[in-house]
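The next block holds one structure in the form of structure tokens; read it before the comments.
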Amino acid sequence: MSKSVIVVGAGVVGLSTAYYAAAKGHRVTVVDRGLAETEGCSFGNAGMLVPSHFVPLAAPGMVGRGLRWMWNPESPFYVRPRLSADLLGWGLRFWQASSADRVARAAPLLRDLHLSSRACYEDWAARWGADFGLEKNGLLMLCRTERGLEEESRAAEQARGLGMPAEVLDPRETAEREPGLRMDVRGSVYYPWDAHLVPERLMATLQGKLAGAGVPISWQTEVGRWLTSGARVTGLGTNRGELTADEYVLCAGAWSAAAVRGLGLKLPLQAGKGYSLTLPRARRLPRLCAILSEAHVAVTPMRGALRVGGTMELAGLDETIDPARVRGIVAAVARYFPDLTAADFEGVEPWCGLRPCSPDGLPYLGRSTRYSNLSVATGHAMMGVSLGPVSGKLMAEVLSDEKPHLDIGALRPDRYS
Ligand SMILES: Cc1cc2nc3c(=O)[nH]c(=O)nc-3n(C[C@H](O)[C@H](O)[C@H](O)COP(=O)(O)OP(=O)(O)OC[C@H]3O[C@@H](n4cnc5c(N)ncnc54)[C@H](O)[C@@H]3O)c2cc1C
């Protein structure tokens with residue numbers, strides 16, 4: 001049955017949801033408070049599709065590592081100390097989720113989500129041409145220390161245990177994979193199933209496909225209120241008046257928890273700020289995307305441009321740029337790639353985006369149990385691009401009252417209620 005659907009949020013998750021819901025015959029409208037169609041976390045990110053990321057952010061050792069990093073202004077992780085019940089509650093849940101047992105349970109689900117999403121991207125590329133710069137040539141996890149390489153080798157073993165190829169390479173073999181750029185590393189792990197794309201092109205392509213399918217995107221439309229009657233949402237109060245539909249899907253990224261305040265839903269979420277810098281014409285370009293393992297910095301070639309990005313700063317919904325963290329990213333790149341220096345990045349405007357982070361590192365996907373016509377798709381943290389299409393596909397199945405093609409019971413949005 002065709003339903004009217006309002007999707008709140010025009011990031012990669014919202015647009016993917018709108019695309020698949022429209023493909024199932026629903027009458028979809030997307031609303032976004034953004035001033036322009038090129039803003040937000042889904043644009044300046046590193047564009048990596050990462051089946052290799054089957055370990056959620058909440059993992060053993062992360063709390064201790066985070067506490068050590070806290071005191072270094074250039075470190076990849078930072079929590080701005082503040083008296084916030086939301087932050088304290090989130091931190092406690094993160095700590096509870098950081099067990100080997102939980103990670104072992106999450107890993108096969110994350111693998112399946114990433115692989116299903118990758119298949120969606122392949123399908124889009126086959127049908128639309130490679131408009132959005134999809135490169136399926138893998139990812140290098142570069143390690144500068146023996147300890148780092150040992151840790152990554154253990155992760156590679158886990159990946160193989162989950163049926164995904166992962167090759168541990170010495171410095172010579174690493175250089176063979178990336179002949180155009182000198183690297184100062186002890187070795188690497190190569191994940192051939194990972195891929196990368198150009199996020200801005202992906203977003204423009206999705207916006208174009210939605211326009212072609214007759215799905216309007218209403219920009220500068222901020223949802224401020226949810227109107228309810230009993231167990232149903234009856235409308236949305238926006239700065240442009242009230243909107244009504246049969247179904248509502250919340251895809252408001254890091255703002256999702258704030259957007260549903262007043263609805264009585266418990267959706268623990270922290271914004272994880274990250275930065276990126278893009279060299280439009282880099283002097284030297286890698287062929288593959290890479291993660292600088294010890295520094296937690298992502299490096300992606302994007303059709304002649306080079307993007308580097310990193311840091312996870314829990315500082316609330318704050319989009320100011322901290323120059324020390326940006327310096328930390330640039331310094332890390334120069335350590336791993338001696339051909340790239342701080343001078344290459346002089347004058348480059350840093351970009352920042354807020355990742356929507358759930359405490360257990362898993363997205364929120366599915367219908368709310370409190371409101372029968374409200375669904376949620378958010379909380380993808382560092383994996384929103386990688387998991388965007390599969391999230392959209394699953395949400396379209398949920399909206400159509402079909403059995404989702406993957407078991408998303410563990411992702412239910414009210415798991416903390
Ligand atoms: C530096 C960096 C690098 C990254 N690299 C990668 C990567 O390589 N691979 C990967 O998979 N992921 C990566 N990510 C993460 C990825 O970018 C995010 O997970 C993803 O963009 C989140 O998409 P989203 O649609 O959930 O949210 P968003 O893109 O933030 O979209 C949410 C939208 O909701 C709108 N909105 C919010 N509140 C309201 C309201 N009240 N009313 C109306 N509209 C509203 C906002 O304006 C926004 O447009 C990276 C992130 C960063 C910061």
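All ligand and atom numbering here is 1-based and tracks the order in the structure. The figures that follow rest on heavy atoms only: side chains count, while hydrogens, waters and symmetry mates do not.
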Would you say the side-chain atoms of Glu222 pair up with the backbone N or O of Asp32, donor to acceptor, closer than 3.5 Å?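 Not at all, since once roles are kept as given, no pair shorter than 3.5 Å links the two residues.
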Does the gap between the ring centers of Trp226 and Tyr371 come in under 6.0 Å?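 No: the rings miss the under 6.0 Å criterion.
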Can you give me the closest heavy-atom contact between Leu354 and Glu319, atom names plus distance?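 Minimum heavy-atom separation between Leu354 and Glu319: CD1-CG, 3.8 Å.
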How close do Lys3 and His26 get, counting heavy atoms only, and between which atoms? N-ND1, 3.1 Å
Who's touching ligand 1 if we go heavy atoms under 4.0 Å?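 For ligand 1, the contacting residues are Val8, Gly9, Ala10, Gly11, Val12, Val13, Asp32, Arg33, Gly34, Cys41, Ser42, Asn45, Ala46, Gly47, Met48, Thr221, Glu222, Val223, Cys251, Ala252, Gly253, Trp255, Gly274, Tyr275, Trp351, Gly353, Arg355, Ala381, Met382, Met383, Gly384, Val385, Ser386.
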Of all pairs that satisfy salt bridge (Lys or Arg N to Asp or Glu O under 4.0 Å), the ones with a partner from residues 248-262, not counting sequence neighbours: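 Qualifying pairs: Asp86-Arg261.
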Can a side-chain donor-acceptor contact be found between His196 and Thr300 if the only test is distance below 3.5 angstrom? no
